[in-house]
Amino acid sequence: MKPYRVIVATALSALASAAVVVPAVLSAPAQAAPPTPGPIVKLWNWNWNSVARECTDVLGPAGYSAVQVSPPSDSMSKGGSVWWDIYQPARYTLTSKFGDENAFRNMVNACHAAGVKVHADAVINHMTGQGSTSYGGYGFGKYDYPGLYSSADFHSPVCGINNSDYNNDGWRVQNCELVGLSDLNTGSEYVRNQIAGYLNKLTSLGVDGLRIDAAKHINPGDLAAIKGKLTGSPYIHQEVIQGDNEAITPSQYTGIGDVHEFVYGRKLKEQFSGQIKNLQSFGQSWGLSVPSDKAVVFIDNHDTERNGSTMNYKYGDAYKLANVFMLAWPYGTPRVYSGFTWSNSEAGPPSAGGGFATDANCGNGQWTCFHRQMSGMVGFNRAVAGTSVGNWYDNGNNVIAFSRGDKGWVAINNESGSVTRTFSTGLPAGTYANDVGGGTVTVGSNGSASVTVPGKSAVAIHTGGVSPSPTPTVNPGQVATSFNANVTTTWGQNVFVVGNVAELGSWNPANSIALSSASYPVWKATVNLPPSTTIQYKYIKKNPDGSVAWESDPNRSFTTPASGTATRNDAWR
């Protein structure tokens, strides 16, 4: 959160250095298990209809375990001009800039049907700092929220947090106003009941987890008391930013739930801007604020992508490689971030009709849709859960490789030139599809593989992943048909052949035959087909986000001979 425009820049700095004196945490209900295996994806400022569609079309098929959505409560409206108005709640009804309660319910149901849990961003530390009208048409004042809160429900006397307070006066950090936002008295039983009622409303609609905004500015005893009023046991993860030499640390909140590990992204920015060889020892000893089993880790979020403390999508390939590392390395619950593109750091998402967020469109350049580029690595992350790192390699600079038990292996090249060498993968012999780039990797009986890793790229393989069919022997009564397709691909694409007979998947892309890129740009596979049969077929490209691109019409066609073999030499059209 950092929702107040006038001092947004200083607010970002202040939150990163907040300090407070913390009393003993009260006992609280058990924490739900984190969403493992599989990472969280944060679809920030996506409206509910878009999240529902994405769960069905991308997140579920890719294997993302949960989606974190933006605050669903009604908020002060700036007409879509800024992003931070959603962090100034006006009331707890579900009439936000992302859709109404019905759309929210439908989104949750769609995500659940796709096997994806839903986490909601919960803003409970404060109400508004400005404005008088909400997106839902509700009228309010800074300390007057008809039917919900009056001035008696806020910390009094009113005071503002000063930068010096973060090191010198922890009480003020938790009891004074953060960048002018009306600070709720979370020690009040009435306030706790209102907050718990809102959170219980969300879970009654099927919400599985809660991201607690500005948790660092709420006394942990108050949070524990609010948690004690919740029905069920939603997974809780809290925004508690680690700063240097502070009286409050993220570890003081782990009795309530997991904690966002802000140091993680800062450290990876340093390494991917320097030498990634050092990552062999990456872990809590690097100054990370909480242990792996209590950490939600990320390369960036909506705040850090704007304040420069981490990389963001504008870093291009280095950003992508850092996310590959996060999904391959065993630390914390990883969260992949997707928001909207921006040049003005305060600008809101694409919107219309008074500031309501329009549908996310991954083809118009206004949305990053970065999570789609990580779809292959989601399968990797799930496959290697619970395994340890082995077979470490680095070139003394910016090329690293390592295995995860006998389940997965990854090589990351943060240099400009390609690297070709024989790596020890630790995997069983076989041919594996690359999770983050085109082509395949063949692992020998000794677990080694000769691999070319292009510059600013990565290669990742895992057991159980889609692998091309092995070259078949010629079965009696069938025709061994070689498909050789000259196809130019981009990073993450693979090529398949699909056709009108069962041996070619009966036109179902899910059952299509994978081609090997060992002779790139010619992709090859040999398939046993029935003799004396008219075969119709096409080549398709499968993208990292799971979508399929078909070559143009008409269908290709030939008739297999009565016996022997056949060859098809084609070029993508």
Side-chain angles (χ1 to χ4, degrees), residues 1 15 18-36 40 42 66 68 71 73 87 89 92 117-126 155 170-171 173-175 178 183-189 191-203 207-243 246-264 284 288-298 301 331-333 335:
M1 57 131 326
L15 280 177
V20 67
V21 177
V22 183
V25 177
L26 301 179
S27 60
Q31 162 79 337
T36 54
I40 304 169
K42 177 178 177 178
Q68 179 186 318
S73 63
Y87 290 94
Y92 296 142
K117 294 181 178 181
V118 177
H119 297 179
D121 198 342
V123 185
I124 60 175
N125 170 68
H126 53 263
H155 281 130
W171 182 92
V173 172
Q174 291 187 333
N175 292 275
L178 172 67
D183 199 66
L184 284 166
N185 178 11
T186 50
S188 158
E189 194 69 9
V191 171
R192 291 174 177 178
N193 285 336
Q194 297 309 304
I195 292 172
Y198 166 54
L199 301 182
N200 284 332
K201 169 72 170 180
L202 296 179
T203 57
V207 167
D208 307 280
L210 301 165
R211 180 260 185 188
I212 306 300
D213 178 73
K216 187 172 185 174
H217 295 271
I218 305 173
N219 185 295
D222 294 349
L223 278 178
I226 293 168
K227 181 179 178 180
K229 296 177 180 292
L230 301 184
T231 56
S233 55
Y235 173 66
I236 292 177
H237 44 116
Q238 305 159 95
E239 183 194 30
V240 185
I241 303 173
Q242 170 77 20
E246 296 189 352
I248 182 173
T249 64
S251 62
Q252 292 164 327
Y253 285 77
T254 55
I256 300 162
D258 287 355
V259 176
H260 296 170
E261 178 49 86
F262 280 80
V263 180
Y264 189 98
Q284 195 171 7
L288 301 187
S289 62
V290 292
S292 175
D293 64 342
K294 303 302 294 185
V296 173
V297 299
F298 48 91
N301 70 10
Y331 199 93
T333 298
R335 186 183 64 188

Would you mind reporting whether Leu223 and Ile212 have side-chain heavy atoms less than 4.5 Å apart?
-> yes
Could you tell me which residues satisfy side-chain hydrogen bond (donor to acceptor under 3.5 Å, both in side chains) with Gln238, sequence neighbours excluded, listed by chain and number?
-> none
Which heavy atom in Val240 sits nearest to a heavy atom in Phe262, and how many Å separate them?
-> O-CD1, 4.1 Å
Give a yes or no on whether a salt bridge exists between Arg211 and Glu239, defined as a side-chain N under 4.0 angstrom from a carboxylate O.
-> yes
Heavy-atom check, side chain of Thr186 versus side chain of Gln174, under 4.5 Å = no
Any residue meeting side-chain hydrogen bond (donor to acceptor under 3.5 Å, both in side chains) with Ser289, in chain and number order, not counting sequence neighbours = Glu261
Within the 6.0 Å centroid threshold, strictly below: His217 and His126 = no
Under the side-chain contact (heavy atoms from CB on, under 4.5 Å) rule, what do Tyr87 and Asp213 come out as? Steps first, then yes or no, please.
-> CA-CA 9 Å; Tyr87 290 94; Asp213 178 73; 3.8 Å; yes
Would you give the length of the straight line joining atom CG of Asp222 to atom OG of Ser188, rounded to the nearest 0.5 angstrom?
-> 9.5 Å
For the pair His119 and His237, name the ring-plane relationship: parallel under 30°, tilted 30 to 60°, perpendicular over 60°.
-> tilted
Yes or no on side-chain contact (heavy atoms from CB on, under 4.5 Å) for Ile195 and Val191, after CA distance, side-chain angles and deciding distance?
-> CA-CA 6 Å; Ile195 292 172; Val191 171; 3.8 Å; yes
Atom pair CD1/CD of Ile124 and Gln194 - distance to nearest 0.5 Å = 13.0 Å
What pair of heavy atoms forms the shortest contact from Asn301 to Arg335, and how long is it?
-> CB-NH2, 3.7 Å
Under 3.5 Å donor-acceptor, Asn200 side chain and Ala196 backbone = yes
Heavy-atom side-chain proximity of Val207 to Pro234 below 4.5 angstrom | no
What pair of heavy atoms forms the shortest contact from Gly257 to Lys294, and how long is it?
-> O-CE, 4.0 Å
So Thr333 and Ile40, side-chain contact (heavy atoms from CB on, under 4.5 Å) or not? Walk me through it.
-> CA-CA 8 Å; Thr333 298; Ile40 304 169; 4.0 Å; yes
Closest heavy-atom pair, Val297 versus Gly332, reported as atoms and distance to 0.1 Å, is CG1-CA, 4.2 Å
Ring pair (Phe, Tyr, Trp, His ring centres under 6.0 Å) filter on Tyr331, not counting sequence neighbours, yields none
Check against side-chain contact (heavy atoms from CB on, under 4.5 Å), Leu230 and Leu210 | CA-CA 11 Å; Leu230 301 184; Leu210 301 165; 4.2 Å; yes
Separation between OG1 of Thr249 and CD1 of Ile241, rounded to the nearest 0.5 Å = 14.0 Å
Of all the heavy-atom pairs spanning Ile218 and Asn125, show the shortest one and how long it is.
-> CG1-OD1, 3.5 Å
Answer whether the closest heavy-atom distance between the side chains of Tyr198 and Val123 falls below 4.5 Å.
-> no
Indicate whether any N or O donor in one side chain lies under 3.5 Å from an N or O acceptor in the other, for Lys229 and Asn193.
-> yes
His155 and Leu184, any side-chain heavy atoms less than 4.5 Å apart | no
Any luck finding a side-chain donor-acceptor pair between Tyr253 and Asp258 under 3.5 Å?
-> no
Taken to the nearest 0.5 Å, the spacing of Gln68 CD from Lys117 NZ works out to 15.0 Å
Compare every heavy atom of Arg192 with every heavy atom of Ala225, then report the nearest pair and how far apart it is.
-> CB-NH1, 3.4 Å
Indicate yes or no: at least one non-hydrogen side-chain atom of Lys201 is less than 4.5 angstrom from one of Tyr92.
-> no
